[in-house]
Number of protein chains: 2
Amino acid sequence: MILKLRYKIWLEKNGEKAFGDGPLDILHRVEKTGSLRQAAEEINMSYSQAWNLIKDLEKRLGFNLLKRKVGGERGGGSEITEEARELMTQFKLFREEADQSLNSLYKKIFKEKD
Amino acid sequence: MILKLRYKIWLEKNGEKAFGDGPLDILHRVEKTGSLRQAAEEINMSYSQAWNLIKDLEKRLGFNLLKRKVGGERGGGSEITEEARELMTQFKLFREEADQSLNSLYKKIFKEKD
DNA sequence: TTGCGTTATACAAATAAAAGTATAATAGTT
DNA sequence: AACTATTATACTTTTATTTGTATAACGCAA
């Protein structure tokens, strides 16, 4: 039958998205490029959307994910806060183990009959 | 920090949804009520949407999920096929074990620091 | 033969989500 | 002082999703 397992995992606070794959990816790219605008551009996301997304997450989480600089030598930029880094690390680990876990479970239940 | 783990698991065929929680729920209700229309009503889903959803799944899966009767003593009705029942059973089992697995993983990674 | 509740289907309408546009403020650098 | 790339923010426009409406066919029962 060849069905493919797909899933999406995220974290919520008060019923609203507080972290997930998208934010993880963006934060990684901010870390790499030093700019939220560039991070957004890399994944073809509008800057305003990326900005709103991060702003909303910060509000829900109760701490900042980005340290912003407005103006300055390269116009400004953003970098990751310590709390953001910790959350990223935890979430990434969780994602990896969940991936292994779900895939082996899938094999066990769906593959042994076909 | 009290973040809540949320996730969604589904099956795809050729990159398109082929089964998931929504369909599982609908099929359960069809089984119980004997009617797709009633099943849809119970979850406040429009009949046309439920109908399209099931039709699309069937096309992708390559077999029927419902045995339909049009007209007849109570206007008609639908019941579950054997293939549908098997898929439901497998998916439900998978969901249950995945749930346990992800929740204990979540505890392990996120709860031990706070 | 009329009525009933359902399946089947096409479309239109309404909502929601995403993307894009525009503009101000900022602070180093040239 | 002017220039630059960025953050910050409000809107508008576009696109996608969801919901609702309308209609036909069906077959049993009264």
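Below, chains carry the letters A, B, ... as their sequence lines are ordered, and counting in each starts from 1. Below, all heavy atoms of this structure are taken into account, side chains as well, without hydrogens, waters or symmetry copies.
- Residue whose closest nucleotide on DNA chain D sits further toward the 5' end, between A/Arg68 and B/Gly72: A/Arg68.
- The residue A/Gly77 sits close only to the backbone: its heavy atoms come under 4.0 Å of sugar-phosphate atoms, none of a base.
- Summarising the geometry, the separation between CD on B/Gln49 and P on D/dA22 is reported as 19 Å, rounded to the nearest angstrom.
- Checked by atom type and distance alone, the side chain of A/Asn52 pairs as donor or acceptor with a backbone atom of A/Ser48 at under 3.5 Å.
- For B/Glu82 and B/Arg85, the salt-bridge test passes: some basic side-chain N is under 4.0 Å from an acidic carboxylate O.
- A straight line from CD of B/Glu79 to P of C/dT6 spans 15 Å, rounded to a whole angstrom.
- One can place NZ of A/Lys55 at 7 Å from P of D/dT9, the figure rounded to the nearest angstrom.
- Taking atom OH on A/Tyr47 and atom P on C/dG20, their separation rounds to 16 Å, with Å as the unit.
- Residue-level contact check: B/Ser48 touches the bases, meaning some heavy atom is under 4.0 Å from a base atom.
- Nearest to the side chain of A/Glu73, among C/dT29, D/dT18, C/dT9, sits C/dT29.
- In this structure, the ring of A/Tyr7 has its center no less than 6.0 angstrom from the ring center of B/Tyr7.
- Rounded to an integer number of Å, the gap from B/Ile43 CD1 to D/dT19 C1' is 13 Å.
- For the pair B/Leu53 CG and D/dT19 P, the interatomic distance rounds to 11 Å; values are reported in whole Å.
- For B/Arg74 and D/dA30, the CZ to C1' distance is 17 Å, given to the nearest whole Å.
- At whole-Å resolution of the value, NZ in A/Lys59 and C1' in D/dT9 are 13 Å apart.
- Look at B/Asp21 and B/Arg95 and you find a salt bridge, because one of the NZ, NE, NH1 or NH2 atoms lies within 4.0 Å of a carboxylate O, short of that distance.
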